[in-house]
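To find a chain, count down the sequence lines: A is the first, B the second, and so on, and within it residues start at 1.
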Protein chains: 2
Amino acid sequence: MYEVLAKSIREKVFLNEDEMQLCASFFTPKKLRKKQYLLQEGDVCRYTAFVEKGALRSYHVDKKDQEHLIQFAFEGWWIADSYSFLTEEPSAYNIDALEDAELLLLTLPAQEELLLKVPKMERYFRILLQKSLIAMQRRVVSSLSYTAEEKYIKLMEAYPNISQRVAQQQIASYLGITPETLSRIRKQLASGK
Amino acid sequence: MYEVLAKSIREKVFLNEDEMQLCASFFTPKKLRKKQYLLQEGDVCRYTAFVEKGALRSYHVDKKDQEHLIQFAFEGWWIADSYSFLTEEPSAYNIDALEDAELLLLTLPAQEELLLKVPKMERYFRILLQKSLIAMQRRVVSSLSYTAEEKYIKLMEAYPNISQRVAQQQIASYLGITPETLSRIRKQLASGK
DNA sequence: TAATCTGCTTGATTTAGATCAAGGGTATTT
DNA sequence: AAATACCCTTGATCTAAATCAAGCAGATTA
């Protein structure tokens, strides 16, 4: 159950077996069925979730009822609404499972105690956040600088297997375009290059 | 010279005077004139900069020579191209001063040593990154979910004084719209609401 | 097996915002 | 004080992508 997490941690900091065990003890395992919510708009985000298996997404629903995908999370990734998690204010986002999933949940008090007992984990989270920030920043640049087609190509280069895991409408939502536009782009790329 | 930094640190972690002094010793002060570069595209980003005074921006120039503003940085903020800083690969971005500025620079080796000598700073940087990530995420949601006008209104709500500090074209670039469109939006909002 | 969903495609039309172009005001430079 | 640069505004036109609308194939359910 904790292999993926242990691997994620060991890539960034050195923990001995005891520390790793202690660390694991702060997490609660949870299984999620496809389409099941981990977080619904209006609720406080009580967990940061580590994905051991499966796939989740976080998304925002605008006033025209359109979904906008904020983040995918596959094996080895974390997902949450950090703002709601930290402030305990109701979330404006939703998180649900795109596939059946196995998660390891960490509450805010558990995280705080974990960081007290295993201070090396400060480093783990710092490095993690650094990487997330770089990815987010890249996405901002992408949304500012590129056309729909360029954004799609860049996404496919960065995550070549993503189209095997998630529906095209999810990818369209992530890119900030409509499924129709994505379909036309793919047609265009498939034909005359 | 280090007051703003010391305040930023004390808001997040407790350091005694000695630790604070030690901490400060890893930074190099630097003054930048308006329009002067801190980082140019193609160079490796050798510093993360803490802004003690003044204002900077990071931006990307696309193939049509258009600038896209990634981030503003005023007093108390950090700025860098984290990707280039961490990987030592050439940066795709530029950073320059919007106003004369006073910076405190931290190189990667200096940061590493700082974190070794003052491990509490892991926590400082973690908290900092958490906040940056939340802000970035909000920006992604904004770019996916809102119209130009809504994005502008939200920016003004979040940073009411920004228009006194930076030119409208910079704000337009940050929002991902043209200066013409921003001008029209402002006219619209000023008149009949 | 038929029936209802769900996801994808394709076509016609619309639209938000971009682009192109010009003019005016206010700093900054000479 | 003139010259130059920079920034903002306004108008006319264009365009990438959205919206609206159908139809179809594969999966799920009855």
Exercise for review: State whether B:Lys117 and B:Glu113 are salt-bridged, where the test is any N-O pair (Lys NZ or Arg NE/NH1/NH2 against Asp/Glu carboxylate O) under 4.0 Å.
Suggested key: yes
Review point. Quick one: A:Leu144 CG to C:dA18 P, roughly how many Å, whole number?
Key: 11 Å
**Study point:** Interface with DNA chain D, restricted to residues 162-171 of chain A and to heavy atoms under 4.0 Å
**Key:** none
Review point. What pair of heavy atoms forms the shortest contact from A:Asp100 to A:Lys34, and how long is it?
Key: OD1-N, 2.7 Å
Practice item. Go through DNA chain D in 5' to 3' direction and return only the first and the last nucleotide with some atom under 4.0 Å of chain B's heavy atoms. Key: D:dC7 to D:dA12
**Study point:** Residues B:Arg57, B:Glu67: salt bridge by 4.0 Å N-O rule
**Key:** yes
Check your understanding: What class does the angle between the rings of A:Trp78 and A:Phe27 fall in, given that below 30° is parallel, 30 to 60° is tilted and above 60° is perpendicular?
Key -> tilted
Practice item. Using only side-chain N and O atoms of A:Ser183, determine if any of them is under 4.0 Å from OP1 or OP2 of C:dT9. Key: yes
Exercise for review: Please report how far the helix from C:dT1-D:dA30 to C:dT30-D:dA1 bends, comparing the axis fitted to its first five pairs with the axis fitted to its last five, to the nearest 10 degrees.
Suggested key: 50°
Practice item. Write down the distance between CZ (B:Arg184) and P (C:dA21), rounded to a whole number of angstrom. Key: 15 Å
Exercise for review: Kindly work out whether a path of hydrophobic side-chain contacts (I/L/V/M/F/W/Y, heavy atoms less than 4.5 Å apart) joins B:Met121 to B:Leu5.
Suggested key: yes
**Study point:** A:Met20 and A:Tyr2, any side-chain heavy atoms less than 4.5 Å apart
**Key:** no
**Study point:** Among C:dT10, C:dG17, C:dA21, the one nearest A:Glu180 by side-chain distance
**Key:** C:dT10
Exercise for review: List the atom of B:Ser163, the atom of B:Ile171, and the distance in Å for their closest heavy-atom pair.
Suggested key: CA-CD1, 4.0 Å
Show me the protein contacts with nucleotides 23-28 of chain C, counting only N or O atoms at under 3.5 Å.
none

Check your understanding: Is A:Arg126 positioned over the aromatic face of B:Tyr124, cation under 6.0 angstrom from the ring centre and no more than 45 degrees off axis?
Key -> no
Check your understanding: Are B:Thr181 and C:dA18 close enough that a side-chain N or O sits under 4.0 Å from OP1 or OP2?
Key -> yes
Practice item. Please go through B:Leu105's hydrophobic cluster and name the other residues, only I, L, V, M, F, W, Y counting, with side-chain heavy atoms under 4.5 Å joining them. Key: B:Leu32, B:Leu38, B:Leu39, B:Tyr47, B:Val51, B:Leu56, B:Ile79, B:Ile95, B:Leu103
Exercise for review: Report yes if at least one side-chain N or O of B:Gln66 is closer than 4.0 Å to OP1 or OP2 of C:dT19; otherwise report no.
Suggested key: yes
**Study point:** Value in whole Å for how far the P atom of C:dG17 lies from OH of B:Tyr146
**Key:** 15 Å
Practice item. Could you state the atom-to-atom distance from CD of B:Glu149 to P of C:dA16 in whole Å? Key: 11 Å
Point to revise | Minimum heavy-atom distance A:Arg165-A:Ala55, with the two atoms named | key: NH2-CB, 4.0 Å
Point to revise | ring pair (Phe, Tyr, Trp, His ring centres under 6.0 Å) contacts in which one or both residues fall within residues 141-163 of chain A, not counting sequence neighbours | key: A:Trp77-A:Tyr159
